[in-house]
Chemist: 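Attaching a single structure in structure tokens format; questions to follow.
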Amino acid sequence: MELRNFNNQVHPTPDYPSPYGSQHSLRLRTVPAQETTSAVQFDWASPPEDAEDSNEPRDLRELPLHMGLKRAVWQVQQMRIPVVSSSWNIKQSQTFRRFCEVVKYVLSYFVLWKRGIQRIGGHFGGGVQSYFLFLRFLVILNFLSSLLIAAFVLIPSIVFRSMNFNSTIPTVNLTGVEICLQYDPKPDTLMVFITYFLDLISGTGFMEYSYLFYGYYNNSMVESNGFSYNIPLAYLLTAAFYFLFCFICMIIRMGGTARVAVVTGGGATGGYSTLVFTGWDHGLQGDRTTKLKQSNFRYRLQVDLEEERLKKKAASLTLGQTVSLYALRVFLNIVVLILIGATFYGIAEATQFSQLMKTTGFKGLLLQYLPSMVITASNFVVPLLCDKIALLEKYSPSTTVILALLRAVFLRLVSLGVLLYTLWEQITCEGDIDKQNCIPCHYYYNEYKCWETRVGQEMYKLTLFDFLITIATLILVEFPRRIVVDHCSCKLTQWVGRQEFLVAPNVLALVYSQTVVWTGALFCPLLPFINTIKFILFYYCKKITLFQNCQPATRNFRSTTSNFFFLLVLLFGWMLATMVLLYSVTKIHPSYGCGPFRFYPTMWEVVPRSAEMLNSTSAEFLFYIGSQKFSIPLFIFSCVLLCYVSALTSVHGKSVALLKSQCKLEQRDKQFLVRQIEELNATVQKEQREPQQPQRETDTATRWNQHDNYAFDHDEDPRPY
């Protein structure tokens, strides 16, 4: 009682907001005596006093009670629920609720790889599981994209070609470009098996003149009994909607991960307490995975301590030491740029050499795959060298990992850009269509009779070669390494150990593969379908090698739990592919001898010509949408909407900061309460050691001197009874 009176005098009612509504901070809270003496008068089922809706009961999860008491309170709340409906309505609602649960349970079986991914998460943790979740997202994205392309391009082309509908071809003046119309890639009827296999691998021969590539599609508009279907327009608009659909899916997924990142503060809030008290994955199964998770925790704590040590060391550096450190980092960055520049030069030279050499057979196949081999080798070797160089730069461990990943992303995406730029130089005569090689076809006809198909073949070979390298690595490297490590007890093999499943490089490989598919989707319409099959096989291959050959890495990238970093990299790949699409559609002249746009100056020209064929009202509406009168207000509205969203984000950020500060106050309350308990225990122990009677007399005298007897107090009036 004295302790409570002391708190009431020292700590007044707080004026800051508390996350518990009307409940104040523990350090500043006052408890009336009648509440402590009469516990049965407290109504657990009643809402808080400051609740917005007084009819809504208080959530038991917010009450700081143990499970037994919460269960008792829940039973009391169930007893207080008024019965306003008949028993038949109650049974109907219960039946409907059970039916919904059964439906959800049945639909869970149709979720792709749900059981397998849960098993992976149970054995290897959430970091490795995030890779397979990302892979499943790409599989679903490519499958839906394949359905879109098949519904509007592939199936109509097959039906119209087989049923011989009436078709009209746009009439244009082809005077002076007759030579550009010669394109006959049809192979011989009789082929040797090795030739058939080489064509299947390289995309030439019978593969080149098929629905797989751009050059096989017609440029006609089908008309029959009032029905018309413009194949070139459908081809272009399907590609545009395909890119738009992928962008919307990525934005939706990034929005979900961004909300988690904002709420959790990017995974950095809480520090050691979050890692120790809430970081354990209770879905782990087995002693081996438990030990790996413990080693992962130990590594993360070591990383935090190492970062603190490096910060203190950096703060204590002299001016000369700081200058020498930054000079070393600048020199090492120059070395990294030289390595990346040499890689780009090698990719450009290999592309030019493979395009100019005309060789058949196995040697010709190697020459055709030379750019793919150079890109794959550079993506494997250069990041390893950059990782070793990053260790010499003396950054913190987390900064070192992020820097290595950014360099790997830059290398992968820009290497693909260098390949495309080299092809563009050769196709467009380095951008000058007035050169002799580009006259009169406006592109290098002698080497690229159907340049769209050649670009599609390069993307097809990159996709196929990436898959073959993955299978070869699984069979020739990972399985033999596991066998040697398990059956050889020498120190070298034990030091090497089993291969670690590194999440970040594997996810970046998926991003690179998806970027290749986006880049070649316009020139190889079936590439998303091929990539769907490839990623499905990737799942089973990676799952087998994960359980049989690998162990999860003890050094994980911290952003893998939110996937926001990898989705951002995927968005960069989408932007690269979108730039290639827009430039190809609006600037480069289509091939005269193949494809649905063979008689148009640009691919985009089919859109205004098709709009002119509509009635006047529809044509005016479409031209108005594409004019400045509509685009400028739309841009202004988008800017206003962006400002509103940014302001809303700022408000939410301040709310999160306020909640964090309130959590800190609650932590201080707990510390204060612990100190109060310690002081009270010390006081009780001291009273127990002293004689009881003198203490009572001393207390009586103290209370008498402190004017507890108001009948003899001359300074104040007696308290009213």
Chemist: Take atom OH of Tyr539 as the centre, draw a 6.0 Å sphere, and report whether it contains more than 12 heavy atoms from other residues, nucleotides or ligands.
Modeler: yes
Chemist: Strictly by modelled atom types, are Arg481 and Asn549 linked by a side-chain donor-acceptor pair under 3.5 Å?
Modeler: no
Chemist: Taking the side chain as C-beta and beyond, is there a heavy-atom pair between Thr422 and Ile347 under 4.5 Å?
Modeler: no
Chemist: Take Met459 and Val517 through the side chain to side chain contact (heavy atoms under 4.5 Å, CB included) test and state the conclusion after the steps.
Modeler: CA-CA 7 Å; Met459 300 301 107; Val517 172; over 6 Å; no
Chemist: Check whether any side-chain heavy atom of Leu236 lies under 4.5 Å from a side-chain heavy atom of Trp604, and answer yes or no.
Modeler: yes
Chemist: With rounding to the nearest 0.5 Å, note down the distance linking CG in Leu332 to CG in Leu337.
Modeler: 11.0 Å
Chemist: Tell me, do Val606 and Tyr235 make a side-chain contact under 4.5 Å, heavy atoms counted?
Modeler: no
Chemist: Check whether the ring centres of Tyr369 and Phe465 lie less than 6.0 Å apart, and answer yes or no.
Modeler: yes
Chemist: Where do Val585 and Thr602 land on the side chain to side chain contact (heavy atoms under 4.5 Å, CB included) test, with the steps shown first?
Modeler: CA-CA 6 Å; Val585 168; Thr602 59; over 6 Å; no
Chemist: If we count only N and O atoms by modelled type, under 3.5 Å, do the side chains of Arg407 and Asn333 hold a donor and an acceptor together?
Modeler: yes
Chemist: Apply the test side chain to side chain contact (heavy atoms under 4.5 Å, CB included) to residues Tyr512 and Leu411: give CA-CA distance (whole Å), side-chain angles for both, the deciding distance (0.1 Å), then the verdict.
Modeler: CA-CA 10 Å; Tyr512 169 74; Leu411 176 66; over 6 Å; no
Chemist: Can you find a pair of side-chain heavy atoms, one from Tyr214 and one from Cys524, that are under 4.5 Å apart?
Modeler: no
Chemist: Taking atom types as modelled, is there a side-chain donor on Thr453 or Glu208 under 3.5 Å from an acceptor on the other?
Modeler: no
Chemist: Distance under 6.0 Å and angle within 45° of the ring axis: does Lys449 meet both against Tyr445?
Modeler: yes
Chemist: What are the two closest heavy atoms between Asn142 and Pro528, and how far apart are they?
Modeler: CB-O, 3.7 Å
Chemist: Below 4.5 Å, heavy atoms only, C-beta onward: do Phe134 and Val511 meet side chain to side chain?
Modeler: yes
Chemist: For Tyr583, look at atom OH and say whether over 12 heavy atoms of other residues, nucleotides or ligands are found less than 6.0 Å away.
Modeler: yes
Chemist: Do you know which two heavy atoms are closest between Leu141 and Phe245, and how far apart they sit?
Modeler: CD1-CE2, 3.8 Å
Chemist: Heavy-atom distance under 4.5 Å between the side chains of Phe538 and Phe467, does that happen here?
Modeler: yes
Chemist: By ring-ring contact (aromatic ring centres under 6.0 Å, His included), which residues pair with Tyr211, not counting sequence neighbours?
Modeler: Tyr216, Tyr217
Chemist: Only one of Asp466, Thr470, Asn531 forms a side-chain hydrogen bond (donor to acceptor under 3.5 Å, both in side chains) with Ser513, so which one is it?
Modeler: Asp466
Chemist: Checking Ser378 side chain against Ile375 main chain: does a donor-acceptor pair fall under 3.5 Å?
Modeler: yes
Chemist: Could you give me the CA-CA distance, side-chain angles and deciding distance for Thr204 and Arg454, then say whether side chain to side chain contact (heavy atoms under 4.5 Å, CB included) is met?
Modeler: CA-CA 9 Å; Thr204 56; Arg454 292 290 294 273; over 6 Å; no
Chemist: Look only at the side chain of Ser415 and the backbone of Arg412, and say whether a donor-acceptor pair between them is shorter than 3.5 Å.
Modeler: yes
Chemist: So, for Ala239 and Leu522, which heavy atoms are closest and what is the spacing to 0.1 Å?
Modeler: CB-CD1, 3.9 Å
Chemist: Treating Trp574 as the side-chain partner and Phe243 as the backbone partner, does any N or O pair qualify as donor plus acceptor under 3.5 Å?
Modeler: yes
Chemist: For Val139 and Trp113, which heavy atoms make the closest approach, and how far apart are they?
Modeler: CG2-CH2, 3.9 Å
Chemist: Any donor and acceptor pair, going by atom type alone, linking the side chain of Gln548 with main-chain N or O of Phe479 inside 3.5 Å?
Modeler: no
Chemist: At their closest point, which heavy atom of Ile201 faces which heavy atom of Leu464, and how far apart are they?
Modeler: O-CD2, 3.5 Å
Chemist: Could you list the residues that satisfy ring-ring contact (aromatic ring centres under 6.0 Å, His included) with Tyr183, not counting sequence neighbours?
Modeler: none
Chemist: Working to the nearest 0.5 Å, report the span between CE of Met603 and CG of Leu233.
Modeler: 14.0 Å
Chemist: With heavy-atom distances below 4.5 Å as the criterion, would you say the side chains of Val418 and Val414 are in contact?
Modeler: yes
Chemist: Under the 3.5 angstrom rule, does the side chain of Trp451 hit a backbone N or O of His589 as a donor-acceptor pair?
Modeler: yes
Chemist: Would you say the side chains of Tyr448 and Gln426 form a donor-acceptor pair under 3.5 Å?
Modeler: yes
Chemist: Using a 6.0 Å distance limit plus a 45 degree cone around the ring axis, check whether Arg253 lies over the aromatic ring of Phe137.
Modeler: yes
Chemist: As an exercise, state the distance from OG1 of Thr519 to CD of Gln514, rounded to the nearest 0.5 Å.
Modeler: 9.5 Å
Chemist: Quick one: does any side-chain atom of Ser584 pair with a main-chain N or O of Val580 as donor and acceptor, under 3.5 Å?
Modeler: yes
Chemist: Does the Ser210 side chain pair with the main chain of Met207, one donor and one acceptor, at a distance under 3.5 Å?
Modeler: yes
Chemist: Hey, does the Lys NZ or Arg CZ of Arg598 hover above the aromatic six-ring of Tyr592, less than 6.0 Å from the centre and inside 45° of the axis?
Modeler: no
Chemist: Roughly how far apart are Arg482 CZ and Glu478 CD, rounded to 0.5 Å?
Modeler: 11.0 Å
Chemist: For the residue pair Ile231 and Ser157, what are the closest heavy atoms and their distance?
Modeler: CG2-OG, 4.3 Å
Chemist: Using a 4.5 Å cut-off on heavy atoms from C-beta on, say whether the side chain of Ile140 contacts that of Arg136.
Modeler: yes
Chemist: Do the side chain of Gln457 and the main chain of Gly203 share a donor and acceptor less than 3.5 angstrom apart?
Modeler: yes
Chemist: Using 0.5 Å steps for rounding, measure from the CD1 atom of Ile588 to the NE2 atom of His442.
Modeler: 13.5 Å
Chemist: Quick check, are the ring centers of Phe501 and Tyr131 under 6.0 angstrom apart?
Modeler: yes
Chemist: In Å and rounded to the nearest 0.5 Å, what is the CD1 to CG distance from Ile334 to Leu339?
Modeler: 12.5 Å
